[in-house]
Amino acid sequence: MEEKGDVEDIVIVGAGIAGLSTALGLHRLGIRSLVLETSDSLRAAGYALTTWNNAWKALDALGIADSLRRRHDRLAGNVTFSAVSGLRTSDLLFTAYRDQEARTVMRKSLLEALAMDLPEGTIQYSSKLVSIEESGFLKLLHLADGTILKTKVLIGCDGVKSVVAKWLGFKKPSSSGRNATRGIVTYKDGHGFGNKFMWFFSKGLRFGVMPCNSDTVYWFSTWRPSEQEEEIEENPVRLKQHILSKLGKVPDQIRAVVEDTEVDSFMSLPLRFRRPWELVWNNFSRGNISIAGDALHSMTPDLGQGGCSALEDGVILARCLAEAMSRNPNEEVEGKEEYKRIEKGLEKYAKERRWRSIKLITASYVVGSIQESKGKVMNYLRDNILSDFLVGLLIKCSDYDCGTLG
C-alpha cells in the first residue's frame, strides 16, 4: 500500500452538491481541501433540481449565483392539477410569499459552477474510499487503489451508501417504497410552457413539468411500484409506456413532454430517506469527522429541498471549519489543541443542522404520502382542501437563511 506522507487539512468524500459547495466555501475563506470522487468525472445524474430561496441565499454566499441566474429563468408560480378530474386545484404566485425566488437548475450546470473556481487538483477523481482508521488526532483513509491518505478533518458527502456515515454508526437510508423517474427535453423553437411549475396528481402518481429556460423542460414522476411493476425500472421502453399510461387527464402538451423524451434518457431510481429519529439519537459529528448532504439527510423529493439543503450544509460547514482552523500565521497550535478546535467547530455545525434536517426529512415524507395517496378520501382532501396548504408548505420550508461565509 502507498501511504502519502503529507497530511491533508480537510478531506471531503463525494463531489456532489454538498461536497463541492463545502470545498468552494472553504476555498473562499482561504482553506484548502481535497475532494475524493469515485467517478472519473462530475456526476450529473438527476438532470435538474428545484432551487428555492434558501438555495439562492447559499449560492449568493458562495459567489456563483449570478452565473446560474443568467442561464435559468425565474419562475413566477406554481399551478397544480388533478389528473383524475383534469381540473386545476391550485394556482399560486411566488410573489405572494415575500418574493420567492425559484428556478429549475440543470444539475450539470450547478456542479460545473461549483467546481469552476476551485484550485486545480482539489477534486481527485477515480478515488474510492473503502475504510477509515484512527491514527492519533488524524484519520487514515484507505482507498480502493491501495493509497492511504492522512487528514485532520474528514467530511462524508458520499451519498446514501456513505462509508463515512457507516463509520459514524448510521444505517443505509431506508426505502420509501416509491420510485422516481426523470427526464429532460430541449426544444429548438422553445417549449411554450411559460414560467410556472406545473404539478399533476392522480391515483398513486405525482408528475411535474418544470421549465429551466425558454428551451429546456425538466420533468419528473414519482410512483409506488407493485411487485409486478418493479422490473419495469430496468426496461426504458416499458418505463416510458408505464408513465404515459399513468398520467390520467393531462393536456396533450404535457403528455408530449414524456413522448418527446428519448428512451435512453429515462432514469428511474428508488427513493430513499434517512429515518428522522436517527438524527435525534445519533451524533453525526464525532471528533474530527462529520457528514453532509445525502449522507446526512437523504429525503424524498416532495419538497424539492434535497439539493437546496445540501447547499445550506456546504456554507455552514465551511464557515464552522474556517472558524475552527483559522489562526495567526505566527501562532503555533499543537495537535491536541487543533483537534479540539475542529471538534467544537463540527459540533457547532451539527447543532445548526440537526433539527433543520429532521424537519425537512419528515415534512418531505408526509407531503409525498399525501400527494401520492391512492385513497379516495385523501385524494378528495388533497385536490379540494389541501392544495394551497401543500404548496404553501414548500414555500415555508424554503424560508431559511444559511448566512454568509464570513
Side-chain angles (χ1 to χ4, degrees), residues 16-18 21 45-59 65 68-69 72-80 90 92-94 97-98 100-107 109-111 176 178-184 193 195-201 205-212 216-223 267 269 271-274 293-294 297-314 356-357 359-372 382 386-402:
I17 295 172
S21 60
Y47 294 125
L49 65 150
T50 314
T51 50
W52 301 92
N53 257 9
N54 53 321
W56 290 103
K57 290 181 185 297
L59 291 167
L68 290 167
R69 286 186 175 109
H72 301 88
D73 293 342
R74 186 166 182 170
L75 295 163
N78 176 91
V79 187
T80 304
S90 176
L92 293 179
L93 293 176
F94 294 146
Y97 292 88
R98 289 195 288 179
Q100 171 70 236
E101 180 175 7
R103 303 171 196 261
T104 306
V105 173
M106 287 178 276
R107 184 179 174 86
S109 297
L110 174 58
L111 293 180
S176 68
R178 299 163 58 203
N179 283 9
T181 304
R182 305 176 177 96
I184 197 163
F193 282 110
N195 62 344
K196 289 186 178 181
F197 292 150
M198 289 161 284
W199 288 340
F200 301 83
F201 301 112
L205 180 77
R206 174 176 175 263
F207 182 80
V209 174
M210 301 180 176
C212 298
T216 304
V217 175
Y218 166 68
W219 65 266
F220 71 87
S221 66
T222 57
W223 48 290
M267 176 186 298
L269 295 170
L271 296 177
R272 295 186 175 277
F273 71 106
R274 174 77 68 200
D294 280 347
H297 47 57
S298 296
M299 65 186 76
T300 58
D302 306 288
L303 291 176
Q305 280 294 334
C308 300
S309 55
L311 288 166
E312 295 174 8
D313 291 342
R356 170 71 172 162
S357 299
K359 175 183 176 181
L360 291 178
I361 294 170
T362 305
S364 294
Y365 186 88
V366 171
V367 167
S369 298
I370 294 172
Q371 291 178 337
E372 251 174 67
R382 178 195 66 200
L386 298 176
S387 291
D388 285 351
F389 168 77
L390 292 173
V391 177
L393 187 59
L394 298 174
I395 307 299
K396 185 176 181 180
C397 286
S398 70
D399 187 18
Y400 180 89
D401 189 350
C402 63

| field | Approximate separation, where rounding is to 0.5 Å, of Phe207 CZ and Ser221 OG | value | 6.5 Å
| query | For the side chain of Ser21 and the backbone of Ala18, is there at least one donor-acceptor N/O pair under 3.5 Å apart? | reply | yes
| request: Identify the heavy atoms of Leu75 and Pro211 that sit nearest to each other, and give their distance. | output: CD2-O, 4.0 Å
Would you give me the side-chain donor-acceptor pairs under 3.5 Å for residues 304-313, sequence neighbours excluded?
{"unit_1": "Gln305", "atom_1": "OE1", "unit_2": "Asn54", "atom_2": "ND2", "d": "2.7"}
{"unit_1": "Gln305", "atom_1": "NE2", "unit_2": "Asn54", "atom_2": "OD1", "d": "3.4"}
{"unit_1": "Ser309", "atom_1": "OG", "unit_2": "Gln305", "atom_2": "O", "d": "2.7"}
{"unit_1": "Ser309", "atom_1": "OG", "unit_2": "Gly306", "atom_2": "O", "d": "3.1"}
{"unit_1": "Glu312", "atom_1": "OE1", "unit_2": "Arg353", "atom_2": "NH1", "d": "3.0"}
{"unit_1": "Glu312", "atom_1": "OE1", "unit_2": "Arg353", "atom_2": "NH2", "d": "2.8"}
{"unit_1": "Glu312", "atom_1": "OE1", "unit_2": "Arg356", "atom_2": "NE", "d": "3.2"}
{"unit_1": "Glu312", "atom_1": "OE2", "unit_2": "Asn54", "atom_2": "ND2", "d": "2.6"}
{"unit_1": "Glu312", "atom_1": "OE2", "unit_2": "Arg356", "atom_2": "NH2", "d": "2.9"}
{"unit_1": "Asp313", "atom_1": "OD1", "unit_2": "Arg353", "atom_2": "NE", "d": "2.6"}
{"unit_1": "Asp313", "atom_1": "OD1", "unit_2": "Arg353", "atom_2": "NH2", "d": "3.0"}
{"unit_1": "Asp313", "atom_1": "OD2", "unit_2": "Gly293", "atom_2": "N", "d": "2.9"}
{"unit_1": "Asp313", "atom_1": "OD2", "unit_2": "His297", "atom_2": "NE2", "d": "2.6"}

| Mind checking whether Arg274 and Met299 have side chains closer than 4.5 Å, heavy atoms only? | no
| task | Search all heavy atoms of Trp52 against all heavy atoms of Leu303 and return the closest pair with its distance. | result | NE1-O, 3.5 Å
| message | Return the CG to SG distance between Asp302 and Cys397, rounded to the nearest 0.5 Å. | response | 11.5 Å
| Side chain to side chain, Thr50 and Tyr218, heavy atoms closer than 4.5 Å | no
| Is there side-chain contact between Met210 and Phe220, with at least one heavy-atom pair below 4.5 Å? | yes
| Would a distance-only check, ignoring hydrogens and angles, find a side-chain to backbone donor-acceptor pair under 3.5 Å from Asn53 to Glu101? | yes
| request: Hey, can you tell me if Phe94 and Phe197 have their rings parallel, tilted or perpendicular (30° and 60° cut-offs)? | output: perpendicular
| From Arg107 CZ over to Ile184 CD1, what is the distance, rounded to the nearest 0.5 angstrom? | 12.5 Å
| Do you know which two heavy atoms are closest between Tyr365 and Thr300, and how far apart they sit? | N-OG1, 3.6 Å
| task | Report the residues that fulfil side chain to side chain donor-acceptor pair (under 3.5 Å) with Gln100, sequence neighbours left out, ordered by chain and then residue number. | result | Ser398
| Spacing of Trp219 atom CH2 and Met198 atom CE [to the nearest 0.5 Å] | 14.0 Å
| query | What residues, two or more places apart in sequence or in another chain, satisfy side chain to side chain donor-acceptor pair (under 3.5 Å) together with Asn195? | reply | none
| Check: Lys196 and Asn78 side chains under 4.5 Å, non-hydrogen atoms | no
| Euclidean distance, Asp73 CG relative to Cys212 SG, rounded to 0.5 Å | 9.0 Å
| query | Looking at Pro301 and Thr222, what are the two nearest heavy atoms and their distance? | reply | CG-CG2, 4.1 Å
| task | Answer whether the closest heavy-atom distance between the side chains of Ser90 and Val79 falls below 4.5 Å. | result | no
| said: Both conditions, 6.0 Å and 45 degrees, for the charged tip of Arg103 above the ring of Trp56: are they met here? | reply: yes
| remark: One should read off an interatomic distance between Asn179 CG and Trp223 CH2, to the nearest 0.5 angstrom, of 5.0 Å
| Are Thr104 and Thr51 side-chain neighbours, meaning at least one heavy-atom pair lies under 4.5 Å? | no
